[in-house]
Amino acid sequence: MLEWSDDRSGVRGAGYSFPVLSILTLFVGWGLFAAPAALAAVSVTALRHFSTEGYTRVVLLLDRESLNFRSGRLKNPPRLFVDIPSGRLRPGFQMPSFDKISIARKLRVGRPGKNLMRLVIELRGGKIRHKIFTLPDPNRIVIDLREIRIARMRPHPSQARSGKRRAPRAARSRPGPGGRSPAGDDRIGRAILGEVGRSPVPEDKKRRSPNMTARFRAGLGRIVLDPGHGGRDPGASGLYGLVEKKVVLDISRRTAAALRSLLPAGNTVLLTRNRDRFIELADRTSFANRHDADVFVSIHLNSSPIRRTRGVETYLLAEASTPRAMELAARESGTTVSRLSDLQKILNDLMLRSKVTESHQLASAVQKSSVARLRKKYPEVKDLGVKRGPFYVLVGAKMPSILIEMAFITNSGEARRLRTKKYRHALSEGIAKGITRFVGISVQRASGASLITGKAQP
Ligand SMILES: [Zn+2]
């Protein structure tokens, strides 16, 4: 594969990692190009695209392999071109309209030479790197665009105070962002160092051990909890006036507190939001990426038009395992099943970069632990298991990432329990223990071992 290229103008041939193959390809390709009559036409049948914050993938679908396409970058306006000899657009090809967050702005099509089609993708300003490669079955040219961010130079608050990465306990134990503690339990606020847009990113990523359990034992682990929805997006509404965004925030705070008491001192738990505010889905995972989090858990409540439907289920990002998973993913992503099917189509590509195996392990640990903890008090709790779905909120996460649907707020039994502190506490403990097990910290040791902080307050 080609390395990422920056925005210097230049032309490159089709991407192959093997030099001999590359030369051969160019030889054969341009040899044929010199005799256009012999070259079979290549039709671009469709263009698919997908974006998260700072990342866009554009996929050109071809009816046959293009051995000799070329690509390059040009300035004023910033753009990327792909030249396809004997290329054409299939009749009925739909010109794309890119999302607001997309790095790609616009597609243009030109014919700079006889028998040569040039696709021009106009790009957003700023420093953009691109990578272009081909995939077979179906034949595709894939263009990944990535925005290069200038690192934020503000020191971490704890570094400013102590010169070390982790501040002394007293310094860390201040209330949550906004200068006041979340309502109710002050202990919960102390577990939180920041939320989306409000916390500087630590700059010592490289000093961390590559082994996750070692990181958590050393107090250098980071967990991001993501209370679903917020602000103008209330999520699902259920019985007894329950609103998803409120309940999940409360349970997320409780989970943060439970994690703090289970994990060795120094480990960080971050919430994507610690109050009722709206956050874009893409900002949630990019927050976790920027913080180099080890684990990302999005916390939600389920709903169903069928009142008797109940139970706990945990999802990882993958093609939907059932039609219901697809509907749920669409609802949680604020979109429709038909729009989501575009994501589903390019999900195989995206999944190559996501941690599917680890996410599955995390999902199993959290699902198992949540159900087990609930069943201690509520033996009839239904285990709906680990499932797969194309959830936008999990796309782009660089760490194991899951979404838990803790209960159905449309089921009278579960909704009634969700109103109680006892049930919320049991849920948060179950989730926290599952995460703790996944990162390799033994839950049993938490109560007594000197390695573990326990519940003692500073
Ligand atoms: Zn939700």
Side-chain angles (χ1 to χ4, degrees), residues 156-159 161-176 185-195 199-226 251-272 274 288 291-297 299 355 358 361-362 364-366 368-370 372-373 398-402 425 428-458:
H156 193 277
S158 62
Q159 289 172 323
R161 263 188 204 89
S162 66
K164 284 190 199 140
R165 186 190 149 184
R166 298 294 182 188
R169 270 203 154 269
R172 280 193 287 114
S173 303
R174 65 196 187 286
D185 190 345
D186 180 51
R187 264 188 324 146
I188 295 164
R190 289 176 185 160
I192 299 153
L193 272 174
E195 55 178 314
S199 54
V201 177
E203 286 151 38
D204 55 351
K205 290 179 183 182
K206 289 192 184 90
R207 277 166 42 199
R208 303 210 304 158
S209 157
N211 178 292
M212 184 173 62
T213 301
R215 281 200 297 278
F216 276 90
R217 289 210 174 114
L220 297 172
R222 294 193 190 109
I223 291 165
V224 170
L225 300 178
D226 173 45
I251 296 175
S252 300
R253 283 172 175 164
R254 290 169 186 274
T255 307
L259 280 167
R260 183 169 179 260
S261 70
L262 288 169
L263 292 169
N267 289 297
T268 312
V269 183
L270 297 135
L271 295 183
T272 53
N274 194 20
H291 280 276
D292 198 22
D294 299 287
V295 169
F296 177 84
V297 178
I299 295 177
K355 305 208 161 181
E358 292 93 331
Q361 288 165 352
L362 173 62
S364 303
V366 168
K368 208 173 138 190
S369 160
S370 303
R373 176 63 186 82
K398 289 179 184 154
M399 68 292 306
S401 53
I402 58 166
H425 178 71
S428 59
E429 245 186 36
I431 296 168
K433 281 185 179 164
I435 296 170
T436 308
R437 282 214 183 93
F438 171 76
V439 303
I441 300 295
S442 162
V443 173
Q444 278 70 35
R445 295 173 67 192
S447 50
S450 60
L451 178 67
I452 312 289
T453 328
K455 293 193 177 182
Q457 290 303 302

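Side chains are part of it too, since the values below use all heavy atoms of this structure and drop only hydrogens, waters and symmetry mates. Treat the numbers as computed from the prediction; the structure is a model and nothing was measured.
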Where do [X] and [Y] come nearest, in terms of heavy atoms and distance?
| X | Y | value |
| --- | --- | --- |
| E429 | R373 | OE1-NE, 2.7 Å |
| P400 | L362 | O-CD2, 3.8 Å |
| V439 | M212 | CA-CE, 3.7 Å |
| S428 | I251 | CB-O, 3.8 Å |

**Asked** Hey, does the side chain of D294 reach the backbone of R222 with a donor-acceptor pair shorter than 3.5 angstrom?
**Response**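 Indeed, once roles are kept as given, a pair shorter than 3.5 Å links the two residues.
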**Prompt:** Are the side chain of S369 and the backbone of G430 linked by a donor-acceptor contact shorter than 3.5 Å?
**Reply:**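 Yes; at least one donor-acceptor contact below 3.5 Å.
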[X] vs [Y] side-chain heavy atoms within contact, under 4.5 Å:
| X | Y | value |
| --- | --- | --- |
| L262 | I441 | no |
| V366 | F438 | no |
| L259 | L225 | yes |

**Partners meeting side-chain contact (heavy atoms from CB on, under 4.5 Å) with A218 (sequence neighbours left out)** =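 For A218 the side-chain contact (heavy atoms from CB on, under 4.5 Å) partners, ignoring immediate neighbours, are L220.
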**Message:** A288: which residues meet the side-chain contact (heavy atoms from CB on, under 4.5 Å) condition with it, sequence neighbours left out?
**Reply:**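 Listed in chain order: V224, A293, F296, M399.
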Rounded to the nearest 0.5 Å, how far does [atom2] of [Y] lie from [atom1] of [X]?
| X | Y | atom1 | atom2 | value |
| --- | --- | --- | --- | --- |
| I299 | D226 | CD1 | CG | 8.0 Å |
| I431 | I402 | CD1 | CD1 | 8.0 Å |
| I435 | R437 | CD1 | CZ | 12.0 Å |

